[in-house]
Amino acid sequence: MGSQKSKNSDSKAEAKANGKSEYSEKNNGKKAEEEKHREERIRETGQVTLDKNDRKHRLHLITIIGEIEGHDCLNGSSKTTKYEHVLPELAAIEDSSEVDGVLILLNTMGGDVEAGLAIAEMIASLSKPTVSLVLGGSHSIGVPIAVSTDYSYIVPTGTMVIHPVRMNGMVIGVPQTFDYFKQIQDRITGFVCNHCKISKTRLEELMMETGVLTKDVGTILVGQEAVNEGIINEVGGIKEAMEHLHEIIDSSRK
């Protein structure tokens, strides 16, 4: 009798151990699958959800890297950010109750004006808290994207090139063409000035500077200079950017 009870007890313990082992294997398999999906998402789109922090905030990371690709496809050797990937993601973020805030990392040479402004307008119209961080650079049409967030940072060695609108290829040489250039530039300067502290007069002065760049018209601002001009809010890195985003999220909840 006692022996039978002992066998039953051992069987139950073995079954329980096997159950735990199977659960552990399933759990490990699920984690591995999630990690694989996370890595593929970073590789394909440069985006990832950050949710391992102590504050239990779910942050969505978007990177704007290389040239901003618009209606024309660039060659395969160019690093590009495709606006048709970014815009739907921003719409999904706005629609999601799971995303608490958005962090934008910028290292871009600029690119298509329409695509860049479209991304900037989408970011600016999000109801979620947003913070941007300029790393290597945020040049040309990358400037509106950098200032489109609730708060912006630039690393000490980060650069921003401010220059007037330019167009490659054949241009019809009539006065209306230059009027169209002026309209495009006004759209850009208007957006930038509405989302940071720089005045339109000062921004246009930086655009038309001829003594800074050797082969172009415009101004290069490095780190603190961008802050001094009122374009970027503060010099800082990823630590400061994420900490401030957490603070904005906490404030918005209160």
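Just so it is clear, the values below take in all heavy atoms, side chains as well, and ignore hydrogens, waters and symmetry mates.
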### Message
So, taking the atom named CD in Glu247 and the one named CE in Met242, what distance separates them when rounded to the nearest 0.5 Å?
### Response
12.5 Å
### Single-linkage hydrophobic cluster, 4.5 Å side-chain cutoff, Met109 and Val147 together
no
### Task
Show your working on side-chain contact (heavy atoms from CB on, under 4.5 Å) between Ile162 and Ile231 and close with a plain yes or no.
CA-CA 11 Å; Ile162 317 293; Ile231 297 175; 4.0 Å; yes
### Query
Roughly how far, to the nearest 0.5 Å, is the OG1 atom of Thr157 from the CD atom of Gln224?
13.0 Å
### Query
CZ/Arg202 to OG1/Thr189 distance, rounded to the nearest 0.5 angstrom?
15.0 Å
### Query
Where do Ala124 and Phe191 come nearest, in terms of heavy atoms and distance?
CB-CZ, 4.1 Å
### Message
Using modelled atom types and a 3.5 Å cut-off, is there a donor and acceptor pairing between side-chain atoms of Glu225 and backbone atoms of Val222?
### Response
yes
### Query
When rounded to the nearest 0.5 angstrom, what distance separates CD1 in Ile65 from CG in Leu105?
7.5 Å
### Message
Determine whether Ile62 and Leu90 satisfy the following criterion, side-chain contact (heavy atoms from CB on, under 4.5 Å), listing intermediate values before the conclusion.
### Response
CA-CA 9 Å; Ile62 294 177; Leu90 289 170; 3.6 Å; yes
### Query
Side chains of Ser132 and Thr149: is there a donor and an acceptor less than 3.5 Å apart?
yes
### Message
If you compare all heavy atoms of Gly116 against all heavy atoms of Ile145, which two are closest, and at what distance to 0.1 Å?
### Response
O-CG1, 3.7 Å
### Task
Please report the shortest heavy-atom distance between Pro129 and Asp150, naming the atom on each side.
CA-OD2, 3.3 Å
### Asn233 vs Val227 side-chain heavy atoms within contact, under 4.5 Å
no
### Message
The test is side-chain contact (heavy atoms from CB on, under 4.5 Å); show your working for Ile249 and Leu59 and say whether it passes.
### Response
CA-CA 10 Å; Ile249 293 169; Leu59 310 179; 3.4 Å; yes
### Task
Please lay out, stage by stage, how Val192 and Lys200 fare under the test side-chain contact (heavy atoms from CB on, under 4.5 Å).
CA-CA 9 Å; Val192 171; Lys200 185 177 181 182; over 6 Å; no
#### Entry: side chain to side chain contact (heavy atoms under 4.5 Å, CB included) against Glu98, all qualifying residues, sequence neighbours excluded
Arg58, Ser96
### Residue pairs passing the ring-ring contact (aromatic ring centres under 6.0 Å, His included) test where at least one lies in residues 113-151, sequence neighbours excluded
Tyr151-Tyr153, Tyr151-His244
### Message
Treating Asp95 as the side-chain partner and Ala91 as the backbone partner, does any N or O pair qualify as donor plus acceptor under 3.5 Å?
### Response
no
### Task
Answer whether the closest heavy-atom distance between the side chains of Ile232 and Met160 falls below 4.5 Å.
yes
### Query
So do Val131 and Ser152 actually touch side chain to side chain, heavy atoms under 4.5 Å?
no
### Query
Rounded to the nearest 0.5 Å, how far apart are CG of Leu245 and CZ of Arg55?
9.5 Å
### Query
Quick one: does Leu133's side chain get under 4.5 Å of Ile238's, heavy atoms only?
yes
### Message
Between the side chains of Lys128 and Glu94, is the shortest nitrogen-to-carboxylate-oxygen separation below 4.0 Å, so that they form an ion pair?
### Response
no
### Task
Answer whether the closest heavy-atom distance between the side chains of Ile68 and Val113 falls below 4.5 Å.
no
### Summary
Rounded to the nearest 0.5 angstrom, the CG-CD1 distance for Leu126 and Ile93 is 6.5 Å
### Summary
In short, Ile154 meets Gly223 closest at the heavy-atom pair CG2-O, 3.6 Å
### Query
Is Arg187 salt-bridged to Glu121, cutoff N-O under 4.0 Å?
no
### Query
Under a 4.5 Å cut-off applied to non-hydrogen side-chain atoms, are Thr219 and Met207 in contact?
no
### Message
Taking side-chain hydrogen bond (donor to acceptor under 3.5 Å, both in side chains) as the cut-off, I'd like each qualifying pair that reaches into residues 99-109, sequence neighbours left out, listed once.
### Response
Asp100-Arg253
### Min side-chain heavy-atom separation Val155-Val134 under 4.5 Å
no
### Message
Please give me the minimum heavy-atom distance between Val99 and His60, naming the atom from each residue.
### Response
CG1-CB, 4.0 Å
### Query
What's the shortest heavy-atom distance between Cys193 and Ser199, and which atoms?
SG-C, 3.7 Å
### Query
Can you tell if the side chain of Asn228 reaches within under 4.5 Å of the side chain of Leu221, non-hydrogen atoms only?
no
